[in-house]
Number of protein chains: 2
Amino acid sequence: MSISVLGVATSKFGELWDISPRTLIKETYEEARMDAHVLSSQIDAVFVGNMLSGVLGNQENLGAFVAETLFQHNSAISAFKVEGACASGGLAVHNAVLSILSGQYKTVLVLGVEKMTDHSPGHVSSALMGAGSEGERISGLTFPGLYAMIARAYMNEFRITEKDLAAIPVKNHYHASFNEKAHYKKRISVDQVMTSPYVADPLKLLECSPISDGVSAVILSESGTTTRSAHRPVSIVASAVATGSLGLRDRTTLTSIRASKQAGHDAYTLAEIRPADIDVAEVHDCFSIAELIALEDMQLCKRGGSGAKAIARGEMTLGSSKKLVVNPSGGLKACGHPVGATGVKQIVEITHQIRGSAGKRQTLRADIGLTHNIGGSGAIAAVHILKGA
Amino acid sequence: MSISVLGVATSKFGELWDISPRTLIKETYEEARMDAHVLSSQIDAVFVGNMLSGVLGNQENLGAFVAETLFQHNSAISAFKVEGACASGGLAVHNAVLSILSGQYKTVLVLGVEKMTDHSPGHVSSALMGAGSEGERISGLTFPGLYAMIARAYMNEFRITEKDLAAIPVKNHYHASFNEKAHYKKRISVDQVMTSPYVADPLKLLECSPISDGVSAVILSESGTTTRSAHRPVSIVASAVATGSLGLRDRTTLTSIRASKQAGHDAYTLAEIRPADIDVAEVHDCFSIAELIALEDMQLCKRGGSGAKAIARGEMTLGSSKKLVVNPSGGLKACGHPVGATGVKQIVEITHQIRGSAGKRQTLRADIGLTHNIGGSGAIAAVHILKGA
């Protein structure tokens with residue numbers, strides 16, 4: 001399997017109160033289109049990754065919304081909204097990839113979009129619980145609460161400490177300090193994480209990803225497509241999606257995500273590579289504990305907490321002597337987490353890393369990269385592997 | 001292009017207050033699975049067509065929801081919610097078709113689901129306006145209002161009368177009287193339509209499709225797949241999606257739907273057939289006027305209103321001497337319109353018609369059938385063509 005990544009772009013992530021989603025979509029698409037060196041008339045279909053446009057904005061039919069915004073006079077454009085909670089972006093990429101492999105579409109746009117900060121945090125928290133199980137909603141649980149239970153279970157099982165976990169957001173904020181598109185560009189220390197207020201014990205404020213606005217775009221095409229772009233060609237060589245249960249209650253373990261493990265395994269098989277081949281990865285760090293579990297589920301570190309300790313020693317960090325760098329964009333924690341955009345932004349970031357166009361946050365050497373995007377507390381996962389020519 | 005339709009099923013449509021969506025999904029899937037003669041372990045992916053589960057039920061991530069409901073112990077199942085307003089079902093079928101053509105999945109389930117009647121009509125009307133444009137929402141428009149403007153424009157342009165339009169729901173209620181799954185099985189007369197109260201002038205109550213609950217399921221597989229099923233093999237030989245504007249304001253005409261015309265044209269091209277080859281069609285009759293325009297856009301009758309007059313003469317009706325039968329299920333008007341299920345139910349109905357398993361509503365001869373499903377007032381359209389072996 002091989003799909004060409006022709007162009008990528010992302011808007012700034014953050015509290016974007018002075019720009020409408022429509023304008024943000026136009027600007028980000030135009031940047032991706034210029035990057036891809038394609039004409040709008042070459043785009044056959046649009047896959048929109050979005051979770052909450054209906055609940056928060058009373059705007060459904062977002063595929064058609066994007067199509068009319070970008071391709072007003074072209075009725076031949078097909079358009080789809082693909083939703084799978086926080087994995088909506090990754091699922092949109094997956095369906096876009098399949099649509100090209102089908103032969104029905106040649107060149108497609110994937111657009112991840114979320115506008116969240118116009119609403120009260122309580123309203124957004126409640127809307128996000130749409131990704132959980134009914135039982136969890138009825139119990140009054142929120143996502144910080146769910147991941148706090150996961151963190152507590154992990155700490156009990158593997159004897160890691162709150163301080164071990166604190167190293168993860170410190171790394172991601174450090175990375176985001178080099179990313180002009182990031183929601184938070186401020187570096188933080190382990191001490192600052194440890195003294196920040198508890199959101200849901202043992203998770204503290206500086207371990208939780210923010211509510212963000214943002215749009216990310218990727219233009220994909222058939223294998224071997226070339227354009228006037230001077231960038232190193234990048235391909236998606238694996239796209240896999242797997243599922244688990246919506247609620248924590250129905251799982252045999254809380255310290256590993258079944259959907260992630262399966263999607264990771266399937267992606268490595270499709271790409272015919274081993275986990276050790278990954279140079280750079282964007283994983284779903286909605287909370288500190290989530291990055292640690294993601295690293296283990298992707299087989300990028302050993303099970304049992306050694307990943308957190310490696311990060312505390314400076315590994316997986318830009319500038320480390322070891323090759324693997326994780327979340328160079330700043331991850332969900334510091335780059336931000338506009339839900340539907342996240343999975344698309346991961347592809348944008350890995351493409352930049354492999355091209356060598358990541359600027360100040362460029363890893364030393366990136367030939368093979370991985371993205372890992374999950375929905376809910378692990379009900380669904382999308383894993384992509386990208387490779388440079 | 002060719003995709004095998006292995007199995008189909010639909011729940012009863014209507015006000016289903018005594019059964020949960022989860023149970024309805026289980027029962028309908030099981031019926032489709034038995035019809036297909038496949039094991040659950042053969043299903044690779046699920047495409048869920050749904051519009052309003054988030055807004056009305058605070059349940060998003062419906063792909064994962066269906067996966068855990070039906071395939072609890074199989075993490076290898078991929079799952080997606082595809083949304084495009086009232087075309088969500090048709091778009092889910094389209095993406096399922098592409099996923100099989102891609103080669104990544106062999107056998108997939110498409111499940112259309114909507115639970116609408118637990119909410120106040122005002123709440124549902126407002127939620128449905130998520131399919132419209134922002135300007136239409138701000139103006140206080142509803143879908144009956146939008147289609148009333150379309151009907152008025154049509155009546156002005158082509159000099160047809162309210163009585164001409166009344167024949168359409170009369171036909172569809174007649175068809176539904178043979179359909180035990182229909183929301184309304186009662187036959188109605190032109191007089192009853194004409195004397196029913198105006199919902200939005202010139203559209204009267206008996207010209208408007210109802211708010212319904214329901215689930216429909218289709219199991220698709222690679223071309224040429226055979227199972228122990230004794231039914232005549234049926235294939236999808238074309239699947240096309242096209243787009244227009246969300247709002248009426250941005251259209252050059254109100255009396256034809258650009259997205260429908262394009263998707264119809266593309267589907268005929270893909271299937272290499274002419275409109276005159278269609279024996280039976282399920283078209284999107286959310287309002288009487290919508291069926292008339294759909295017939296014209298699908299080139300199943302001439303532009304200018306002759307379709308309504310033909311229906312008034314008894315054509316396109318079960319038992320007519322002309323071959324084409326339209327909306328044998330009863331259509332959205334009488335079979336019901338659980339939004340996300342509608343586009344999937346259309347495939348179920350045409351499959352039964354081609355198999356010859358449609359019971360009392362069987363058309364005399366059906367080798368080639370068409371489904372036409374639109375989202376919003378025509379922002380997006382999905383057209384499928386099915387063929388018997």
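These numbers were taken from a predicted model, which means no experiment stands behind them. Worth knowing before you read on, the calculation uses all heavy atoms, side chains too, and leaves out hydrogens, waters and symmetry mates.
- If you tally non-hydrogen atom pairs under 4.5 Å between each of A/Ala76, A/Ser99, A/Gly244 and chain B, the highest count goes to A/Ala76.
- Within the 4.5 Å cutoff, the side chain of B/Thr342 has no heavy atoms near those of the B/Cys86 side chain.
- Looking only at side-chain heavy atoms (C-beta outward), A/Leu70 and A/Leu109 come within less than 4.5 Å of each other.
- Of the possible polar contacts, none joining the B/Tyr105 side chain to the B/Val46 backbone as a donor-acceptor pair under 3.5 Å is found.
- Taking B/Leu101, B/Thr243, B/Leu56 one by one and counting their heavy-atom pairs under 4.5 Å with chain A, the maximum is reached by B/Thr243.
- For B/Leu62, the part lying under 4.5 angstrom from a heavy atom of chain A is the backbone only.
- Options A/Ala131, A/Ala79, A/Gly63, A/Ala67 differ in how many heavy-atom pairs under 4.5 Å they form with chain B, and the most are formed by A/Ala79.
- Heavy atoms of B/Ala92 lying under 4.5 Å from chain A are absent altogether.
- When the candidates A/Asp250, A/Val55, A/Leu246 are compared by the number of heavy-atom contacts under 4.5 Å with chain B, A/Leu246 comes out ahead.
- Proximity of a side-chain donor or acceptor of A/His384 to a complementary backbone N or O of A/Ser239 within less than 3.5 Å is not detected.
- Under the 3.5 Å distance criterion, the side-chain polar atoms of B/Glu114 are matched with a main-chain donor or acceptor of B/Gly340.
- Taking the side chain as every heavy atom from C-beta outward, A/Phe80 and B/Val241 approach each other to under 4.5 Å.
- Comparing A/Leu128, A/Leu98, A/Val48, A/Val97 by how many heavy-atom pairs each has under 4.5 Å with chain B, the most go to A/Leu98.
- Considering only heavy-atom pairs separated by less than 4.5 Å from chain A, the leading option among B/Ile100, B/Asn74, B/Asp266 is B/Asn74.
- Within the 4.5 angstrom heavy-atom criterion, atoms from both the backbone and the side chain of B/Ala379 approach chain A.
- Counting heavy-atom pairs under 4.5 Å between each of B/His94, B/Gln262, B/Glu83, B/Lys81 and chain A puts B/Glu83 at the top.
- Looking only at side-chain heavy atoms (C-beta outward), A/His119 and A/Leu52 stay at 4.5 Å or farther from each other.
- Separating the SG atom in A/Cys286 from the CG atom in A/Leu332 is a distance of 6.5 Å, to the nearest 0.5 Å.
- Each of B/Glu60, B/Glu134, B/Met1 has some count of heavy-atom pairs under 4.5 Å with chain A, and the biggest count is that of B/Glu60.
- There is no contact between B/Asn50 and chain A, counting heavy-atom distances below 4.5 Å.
- Top candidate by heavy-atom pairs under 4.5 Å with chain A, chosen from B/Gln72, B/Lys261, B/Arg137, is B/Arg137.
- If you tally non-hydrogen atom pairs under 4.5 Å between each of B/Ser78, B/Gly132, B/Ser245 and chain A, the highest count goes to B/Ser78.
- Contact annotation for B/His265: neither backbone nor side-chain heavy atoms come within less than 4.5 Å of a heavy atom of chain A.
- Between A/Ile138 and A/Glu136, every side-chain heavy-atom pair lies at or beyond the 4.5 Å cut-off.
- Interface remark: A/Ala127 contributes backbone atoms only to the contact with chain B (heavy atom separation under 4.5 Å).
- Salt bridge B/Glu68/A/Arg251: absent, no basic N to carboxylate O contact under 4.0 Å.
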